[in-house]
Asks: 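Take a look at the following structure, please.
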Amino acid sequence: MLPLPLLLLAVLLPGGDSGPAFQGPTTFHLNQISSFANSSWAQNQGSGWLGDVQIQGWDNEAGTAIFLKPWSKGNLSDEEVTELVELFRVYLIGFVRVVQDHVSEFQLTYPFEIQGTAGCELREGKATVSFLRGALGGVDFVSLRNGTCVPAAEGSSRAQWFCSLFTQYQGISDIIQKLLYHTCPRYLWSVLEAGKEELQRQVKPKAWLSSGPPPGPDRLLLVCHVLGFYPKPVWVRWMRGQQELPGAQQGDILPNADGTWYLRVTLDVAAGEAAGLACRVRHSSLGNQDIVLYWGKSTSLTVILLAVILPTLILLICLALWFWRRWSYQNIL
Ligand SMILES: *[C@@H]1O[C@H](CO)[C@@H](O)[C@H](O)[C@H]1NC(C)=O
Ligand SMILES: *[C@@H]1O[C@H](CO)[C@@H](O)[C@H](O)[C@H]1NC(C)=O
Ligand SMILES: *[C@@H]1O[C@H](CO)[C@@H](O)[C@H](O)[C@H]1NC(C)=O
């Protein structure tokens, strides 16, 4: 059974204690996903990210980086960019070869996937920290701490073995450390500056309510859609008065093609209890003015009053005035 036509009303209310001003992303990281299907087939995926904004991709065919923003290179010179791209090209090819050569020693069985992430982050003041982590099939495997390979607890003896192998390759270790502790922080500062306008922009969300497929007899699935906001952090709750309702299900925050985000939050309620519930949206672009959307009858009554009865009343009064004037005019004649 579908609910009555849904009428919504966005009401701006003074917000609660929403967070301080937005500052933009503070982390740069490169992601690597290497998939090994069998002994003769493997594929790399590479990408570069500022927080949750992708700014670089990797073209495997051409063996080159794709710069997705005009400012993705920060203040790296063309020579530096060429050098880095070549380094990653050689690394990705070498990585696949080394892993394929060591499959039996590592006791790996096809198919498997290796993920890596490396980058640096701004901290308080002008400090930066760098990080590198590797995972096997989604489980932590090794990390680099202060330049030292550290096997993850979940990585078992395989990870220890990997770290002892890694320490034998001093040359590779030196290159990685230079990239992590020198190139990365310098690049991070410059790219945050170069992309400032886009990274620190504020785009207000739009919100609306709908009903999903009924979860059961006499139950309603209320859906609160929040669309087109930037940056990504957002706070969306179903509320009764000032009370947050605990049973709400929040989906993943999904990307739109224009770089903004979309989120839906659903609530399964008894049909009789939906009236008066509200979806409340808090986002940095809204300042303290939360968006509050009310569900159900009380709202539809208000809207009907405002949208139908009020104009009808005005029309009636105008008509009455017109008749009265016409009547008095004729009487004078
Ligand atoms: C290896 O995997 C690829 C991709 O799944 C497949 O197309 C190919 O036929 C496989 N080769 C062998 C020898 O199994
Ligand atoms: C990191 O390594 C440097 C020298 O290699 C050392 O001076 C420093 O204390 C180490 N820091 C931590 C947190 O282990
Ligand atoms: C690039 O920016 C970083 C950080 O702001 C700075 O330290 C470095 O000197 C700059 N490099 C060039 C070539 O301008």
Side-chain angles (χ1 to χ4, degrees), residues 22-51 53-88 92-116 118-132 135-138 146-147 174-201:
F22 162 71
Q23 291 159 12
T26 53
T27 305
F28 173 74
H29 71 275
L30 291 173
N31 270 353
Q32 172 193 350
I33 303 174
S34 299
S35 311
F36 297 84
N38 49 49
S39 56
S40 57
W41 194 94
Q43 191 178 58
N44 289 308
Q45 280 171 272
S47 52
W49 300 77
L50 275 176
V53 181
Q54 188 182 355
I55 61 167
Q56 288 135 8
W58 185 261
D59 180 345
N60 277 316
E61 295 293 317
T64 190
I66 304 160
F67 293 93
L68 299 171
K69 306 280 182 188
W71 42 265
S72 294
K73 292 178 186 173
N75 70 354
L76 296 175
S77 66
D78 288 346
E79 294 81 52
E80 276 178 299
V81 171
T82 310
E83 215 172 281
L84 285 168
V85 166
E86 179 61 13
L87 189 67
F88 285 116
L92 287 170
I93 294 170
F95 181 84
V96 167
R97 204 162 293 160
V98 169
V99 171
Q100 283 173 334
D101 288 349
H102 289 83
V103 161
S104 53
E105 277 162 88
F106 274 124
Q107 296 170 337
L108 294 168
T109 45
Y110 291 108
F112 61 90
E113 199 168 74
I114 295 176
Q115 295 115 335
C120 53
E121 180 177 5
L122 293 184
R123 289 284 168 86
E124 291 296 312
K126 288 213 141 190
T128 50
V129 288
S130 296
F131 54 87
L132 185 153
L136 185 61
N146 206 10
D174 287 347
I175 292 174
I176 291 176
Q177 292 200 43
K178 181 166 171 258
L179 289 175
L180 279 179
Y181 298 103
H182 296 280
T183 315
C184 188
R186 193 163 63 83
Y187 170 69
L188 176 59
W189 280 105
S190 74
V191 79
L192 288 179
E193 182 61 30
K196 191 163 64 177
E197 211 169 297
E198 184 170 341
L199 295 166
Q200 299 190 359
R201 77 193 195 278

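Whatever order the structure lists ligands and atoms in, that order sets their numbers, starting from 1. All values below were derived from every heavy atom in this structure, side-chain atoms included, with hydrogens, water molecules and symmetry-related copies excluded.
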Asks: Would you check if there is a donor-acceptor pair between the side chains of Q54 and S47 at a distance under 3.5 Å?
Replies: no
Asks: Before we go on, tell me: are the rings of Y110 and F36 under 6.0 Å apart, centre to centre?
Replies: no
Asks: Quick one: ligand 1 N/O to protein N/O pairs below 3.5 Å?
Replies:
unit_1, atom_1, unit_2, atom_2, d
ligand 1, 2 (O), N38, ND2, 2.3
ligand 1, 11 (N), N38, ND2, 2.9
ligand 1, 14 (O), N38, ND2, 3.2

Asks: For the atom pair OG (S130) and NE2 (H29), what is the distance rounded to the nearest 0.5 Å?
Replies: 13.5 Å
Asks: Looking just at side-chain N and O atoms, do N44 and S34 make a donor-acceptor pair shorter than 3.5 Å?
Replies: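 Yes, side-chain donor-acceptor contact under 3.5 Å.
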Asks: For a side-chain contact (heavy atoms from CB on, under 4.5 Å) check, start with the C-alpha distance between L136 and F112, then their side-chain angles and the critical distance, and finish with the verdict.
Replies: CA-CA 8 Å; L136 185 61; F112 61 90; 4.3 Å; yes
Asks: Between atom CD of Q100 and atom CH2 of W41, what is the distance when rounded to the nearest 0.5 Å?
Replies: 11.0 Å
Asks: Using a 4.0 Å cut-off to any heavy atom of W189, which atoms of ligand 3 qualify?
Replies: 4 (C), 5 (O)
